[in-house]
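One structure is given here, and the rest of the page talks about it.
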Amino acid sequence: MNRQSSQNISSISLPLFRSEPHRCPYLPDRMAEDLFTVEAHLEPARYQYMMDLGFRRSGRVVYRPACDGCSECVPIRVPVSGFAPSRSQRRVLRRNADIHVQIGSPKSSERKWRIFVEYLRFQHDGTMSEDREGFEQFLYTSPTDTLEMVYYAGRRIAGVGLVDLGPTVMSSVYYYFDPAMARRSLGVFGSLYEIDECRRRGLLHWYMGYYVRDCSRMSYKTAFRPFEMLAPDGRWLRFENADAVPRPASNGARLN
């Protein structure tokens, strides 16, 4: 972590802890560590400031990767005013023209949990918890201002997105969908809808979390252009495509 980054983090005025080394969720041959805090209430402006320093949240845990010798996790966001959907993204919009969205306070339900479990089995490697309590702690427990967007095809839930709101930003927390509707490209559609919702609310940036170059699950993020990435010196740099992004100088801890 560079000096300027450390100085900025010290201005957060919240207790920060370092996690024990654990298996990296993005690069399977590496170990990872995080700086984190656990908050019962976090003002949106404070959380936006932390996001500008590279933090994210999972439930009430607000964290930032802090791996020795590795800087592969790069915060990424989209400047809303400059975004225009690509040709393939416009096709996704047309494919989902029948979808309607309800926005409100996050509310867990049996049906949403079952869709989440089906989504994990379809999309992930089995390492995430499928139990109802873990689902609610992960997605339906928040210390800050959070909205839920429920996507319907007719009366059937097609997908669900959770987002956090700051004074001038929206942060995508998580999106899960019914695998039976996978051909709709609902993950892409949800991202496009969230960007449009930012525009409707007059928000400046849509935050996507972290981009990891060598993680295939993260490659979709650079398809939303232009995008900005957080540089080691604390500046957000704008890019028009993934080819222009310099490779991080990393040699993080490997699994034995």
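Within the 3.5 Å criterion, the main-chain N or O of I99 finds no donor-acceptor partner in the side chain of N96. Put simply, the side chain of W113 never gets that close to the backbone of E136: no donor and acceptor are under 3.5 Å apart. Distance alone, capped at 3.5 Å, places no donor-acceptor pair between the S185 side chain and the V188 backbone. Here the side chain of D196 pairs no donor or acceptor atom with the backbone of R199 at under 3.5 angstrom. With Q48 contributing its side chain and A45 its backbone, the two residues share no donor-acceptor pair below 3.5 Å. Not a single donor-acceptor pair under 3.5 Å links the side chain of R91 to the backbone N or O of S86. Under the 3.5 Å distance criterion, the side-chain polar atoms of S109 are matched with a main-chain donor or acceptor of K112.
Here the CZ atom belonging to R95 is positioned 13.5 Å from the CZ atom belonging to R90, to the nearest 0.5 angstrom. Of the inter-residue distances, the one linking M181 atom CE with I115 atom CD1 reads 8.0 Å to the nearest 0.5 angstrom. Rounding to the nearest 0.5 Å places CD1 of I195 at 11.5 Å from CZ of R200. Between the OH atom in Y47 and the OG atom in S142 there is a gap of 8.0 Å [rounded to 0.5 Å]. Taking CD of Q137 as the start and OG of S129 as the end, the distance is 8.5 Å to the nearest 0.5 Å. Interatomic distance, C67 SG to D34 CG, rounded to the nearest 0.5 Å: 6.5 Å.
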Checklist entry - Between V160 and M149, does a side-chain contact (heavy atoms from CB on, under 4.5 Å) hold up when you go through it step by step? => result CA-CA 6 Å; V160 181; M149 300 180 182; over 6 Å; no
Checklist entry - Yes or no on ring pair (Phe, Tyr, Trp, His ring centres under 6.0 Å) for Y175 and Y151, after CA distance, side-chain angles and deciding distance? => result CA-CA 10 Å; Y175 187 93; Y151 297 72; 5.2 Å; yes
Checklist entry - So L237 and R235, side-chain contact (heavy atoms from CB on, under 4.5 Å) or not? Walk me through it. => result CA-CA 6 Å; L237 304 180; R235 293 179 300 146; 3.9 Å; yes
Checklist entry - Would F138 and Y174 satisfy ring pair (Phe, Tyr, Trp, His ring centres under 6.0 Å), going step by step from the backbone distance to the final call? => result CA-CA 9 Å; F138 173 41; Y174 203 78; 5.1 Å; yes
Next on the checklist: Walk me through whether S171 and W206 qualify under side-chain contact (heavy atoms from CB on, under 4.5 Å).
Outcome noted: CA-CA 6 Å; S171 174; W206 176 65; over 6 Å; no
Checklist entry - Yes or no on side-chain hydrogen bond (donor to acceptor under 3.5 Å, both in side chains) for Q102 and H100, after CA distance, side-chain angles and deciding distance? => result CA-CA 7 Å; Q102 293 183 0; H100 64 281; 4.8 Å; no
Next on the checklist: Between L93 and Y193, does the side-chain contact (heavy atoms from CB on, under 4.5 Å) criterion hold? Intermediate values first, please.
Outcome noted: CA-CA 9 Å; L93 290 172; Y193 189 90; over 6 Å; no
Item to check | Residue pair E240, R238: steps toward the salt bridge (charged side-chain N to carboxylate O under 4.0 Å, His left out) verdict | outcome: CA-CA 7 Å; E240 299 296 331; R238 178 169 170 147; 3.4 Å; yes
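We find that D214 and R30 are not joined by a salt bridge, their nearest charged nitrogen and carboxylate oxygen being 4.0 Å or further apart. Residues R18 and E33 are paired through a salt bridge, judged by an N-O separation under 4.0 Å between the basic side chain and the carboxylate. A salt bridge between R57 and E39 is absent, with no side-chain N of the basic residue lying under 4.0 Å from a carboxylate O of the acidic one. Ionic pairing of D29 and R23 is not present here: no N-O contact between side-chain nitrogen and carboxylate oxygen is shorter than 4.0 angstrom. Look at E118 and R114 and you find no salt bridge, because none of the NZ, NE, NH1 or NH2 atoms lies under 4.0 Å from a carboxylate O.
If you check the side chains of S13 and R46, you find no donor sitting under 3.5 Å from an acceptor. For the residue pair S11/Y49, the side-chain donor-acceptor check at 3.5 Å is satisfied. H22 and E20 share no side-chain donor-acceptor pair at under 3.5 Å.
Linking ILVMFWY residues whenever their side-chain heavy atoms come closer than 4.5 Å, directly or via other members, leaves L192 and L204 in distinct clusters.
Taking all atoms of both residues into account, the shortest heavy-atom contact from A244 to F239 is O-CE2, 3.5 Å. Between E130 and R121, the shortest heavy-atom distance links the atoms OE1-NH2, 2.9 Å. In terms of heavy atoms, C24 sits closest to A32 at CA-CB, 3.9 Å. Here the closest heavy-atom approach between residue C215 and residue L27 is recorded as N-CD2, 4.4 Å. Closest approach of W236 to M51, counting heavy atoms only: CZ2-O, 4.0 Å. In plain terms, the two heavy atoms of A242 and T222 that are nearest each other are CB-OG1, 3.6 Å.
For the pair R60 and F36, the cation does not sit on the ring face, since its NZ or CZ is not both under 6.0 Å from the ring centre and inside 45° of the axis.
At least one side-chain heavy atom of V173 sits under 4.5 Å from a side-chain heavy atom of D164. Residues L14 and L42 form a side-chain contact, since some pair of their non-hydrogen atoms from C-beta on lies under 4.5 Å apart. Taking the side chain as every heavy atom from C-beta outward, S108 and F135 approach each other to under 4.5 Å. In this structure the side chain of Y210 never reaches within 4.5 angstrom of the side chain of E72, judged on heavy atoms. Side-chain contact between L35 and F17: absent, with no pair of heavy atoms (C-beta onward) separated by less than 4.5 Å. Proximity of Y211 to M229: side-chain heavy atoms (C-beta onward) are separated by under 4.5 Å at one or more points. Side-chain contact check for R156 versus Y152: every heavy-atom pair is 4.5 Å or farther apart. Between T37 and Y63 the shortest side-chain heavy-atom distance does not fall below 4.5 Å.
The aromatic rings of Y176 and Y119 lie tilted to each other, with the angle between the two planes from 30° to 60°. Using the six-membered ring where Trp is involved, F224 and Y220 have ring planes that are perpendicular, over 60° apart on the 30 and 60° scheme.
With respect to P106, the side-chain contact (heavy atoms from CB on, under 4.5 Å) criterion is satisfied by exactly one of V150, L162, T141, V163: L162.
For E110, the CD atom sits in a packed shell: over 12 heavy atoms of surrounding residues, nucleotides or ligands are nearer than 6.0 Å.
Judged as a side-chain hydrogen bond (donor to acceptor under 3.5 Å, both in side chains), and not counting sequence neighbours, Q123 has no contacts.
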Check: residues 75-85 side-chain donor-acceptor pairs under 3.5 Å, at least two apart:
residue	atom	partner	partner atom	Å
R77	NE	E228	OE1	2.7
R77	NH1	Y207	OH	2.8
R77	NH2	E228	OE1	3.0

